[in-house]
Amino acid sequence: MKILITAGPTYERIDPVRFIGNFSTGKMGFALAQACAERNFDVVLIAGVVHLQIQHTNIERIDVESAEQMYDAVMEHFPDCDAAIFCAAVADFTPETVYSQKVKRNNNELIIKLKPTKDIAAAAGIIKRKNQILVGFALETNDEETNAISKMQRKNLDMIVLNSLNDSGAGFGYDTNKVTIIKKDADKISLPLLSKKNVAEKIIEEIICFQKSL
Ligand code: C5P
């Protein structure tokens with residue numbers, strides 16, 4: 001199995017020294033890449049700006065910065081893959097224009113106009129072949145399951161991994177996570193608080209199971 005994984009945050013440049021980012025560290029995506037590699041999958045890991053290292057002969061790592069670059073890398077590699085896990089916290093908006101010089105401070109307010117980025121998972125959902133498996137993540141703060149299910153349907157995903165910022169020990173920066181895996185057929189698996197490595201193992205088991213049913 002050849003699998004594509006997106007991980008970490010994207011940085012959207014404002015000027016040469018500033019950006020819009022988010023608190024994702026990439027730990028969940030890297031745990032998935034490691035676990036897949038250990039199962040002998042070929043992994044294409046497309047990483048935003050993270051401070052993590054990973055070394056495995058089965059992993060091809062591609063570092064990107066912006067949502068646009070992540071989109072281009074996914075579109076290039078996804079057609080050759082059997083599955084993709086979209087674990088990255090992709091910026092939803094990016095500055096419409098990037099200042100070529102550092103913006104100087106003055107007493108006026110600064111208004112930065114943002115335009116929407118491309119939805120990478122949804123774009124893969126459009127070009128996906130019948131035998132390709134797509135897994136997304138949903139980080140929700142309210143109406144968690146309803147939002148996650150509608151996201152899965154809207155982006156044409158086969159599975160969505162829901163995590164909530166309301167659970168302590170789960171989410172950005174932690175080594176643990178508490179997730180519910182929701183499948184296309186509405187079957188759902190609620191897992192306890194586990195290490196990200198163990199969460200990764202469970203997600204991979206579900207992907208393998210799903211692939212057998214195709
Ligand atoms: O719509 P929302 O951002 O909550 O969806 C989350 C899922 O979609 C995650 O799997 C995330 O990696 C993916 N996503 C993406 N490209 C975007 C926004 C989200 O691939 N521009």
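Atoms within a ligand are numbered from 1 in the order they appear, just like the ligands themselves.
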Point to revise | Donor-acceptor under 3.5 Å (Q132 side chain, R129 main chain) | key: yes
Review point. With a 4.0 Å cut-off, would you call D158 and K128 a salt bridge?
Key: yes
Using a 3.5 Å cut-off and no angle test, enumerate the donor-acceptor pairs between side-chain atoms of residues 82-94 and protein atoms at least two apart in sequence or in another chain.
residue: D82; atom: OD2; partner: K2; partner atom: N; Å: 2.7
residue: T94; atom: OG1; partner: E12; partner atom: OE1; Å: 2.8

Point to revise | Pairs where residues 4-30 contributes a residue and the test ring-ring contact (aromatic ring centres under 6.0 Å, His included) is met, not counting sequence neighbours | key: Y11-F19
Between ligand 1 and the protein, find all N/O pairs closer than 3.5 Å and give the distance for each.
residue: ligand 1; atom: 1 (O); partner: K155; partner atom: NZ; Å: 2.9
residue: ligand 1; atom: 4 (O); partner: K151; partner atom: NZ; Å: 2.5
residue: ligand 1; atom: 5 (O); partner: K155; partner atom: NZ; Å: 3.0
residue: ligand 1; atom: 8 (O); partner: K155; partner atom: NZ; Å: 3.0
residue: ligand 1; atom: 10 (O); partner: F86; partner atom: O; Å: 2.6
residue: ligand 1; atom: 10 (O); partner: F137; partner atom: N; Å: 2.9
residue: ligand 1; atom: 10 (O); partner: F137; partner atom: O; Å: 3.3
residue: ligand 1; atom: 12 (O); partner: F86; partner atom: O; Å: 3.3
residue: ligand 1; atom: 12 (O); partner: A88; partner atom: O; Å: 2.7
residue: ligand 1; atom: 16 (N); partner: I120; partner atom: N; Å: 3.0
residue: ligand 1; atom: 20 (O); partner: A121; partner atom: N; Å: 2.9
residue: ligand 1; atom: 21 (N); partner: K118; partner atom: O; Å: 2.9

Point to revise | For E205, salt bridge (Lys or Arg N to Asp or Glu O under 4.0 Å) partners two or more places apart | key: R39
Practice item. Treating Ile, Leu, Val, Met, Phe, Trp and Tyr as nodes and any side-chain heavy-atom pair under 4.5 angstrom as an edge, say whether I54 and V49 lie in one connected cluster. Key: no
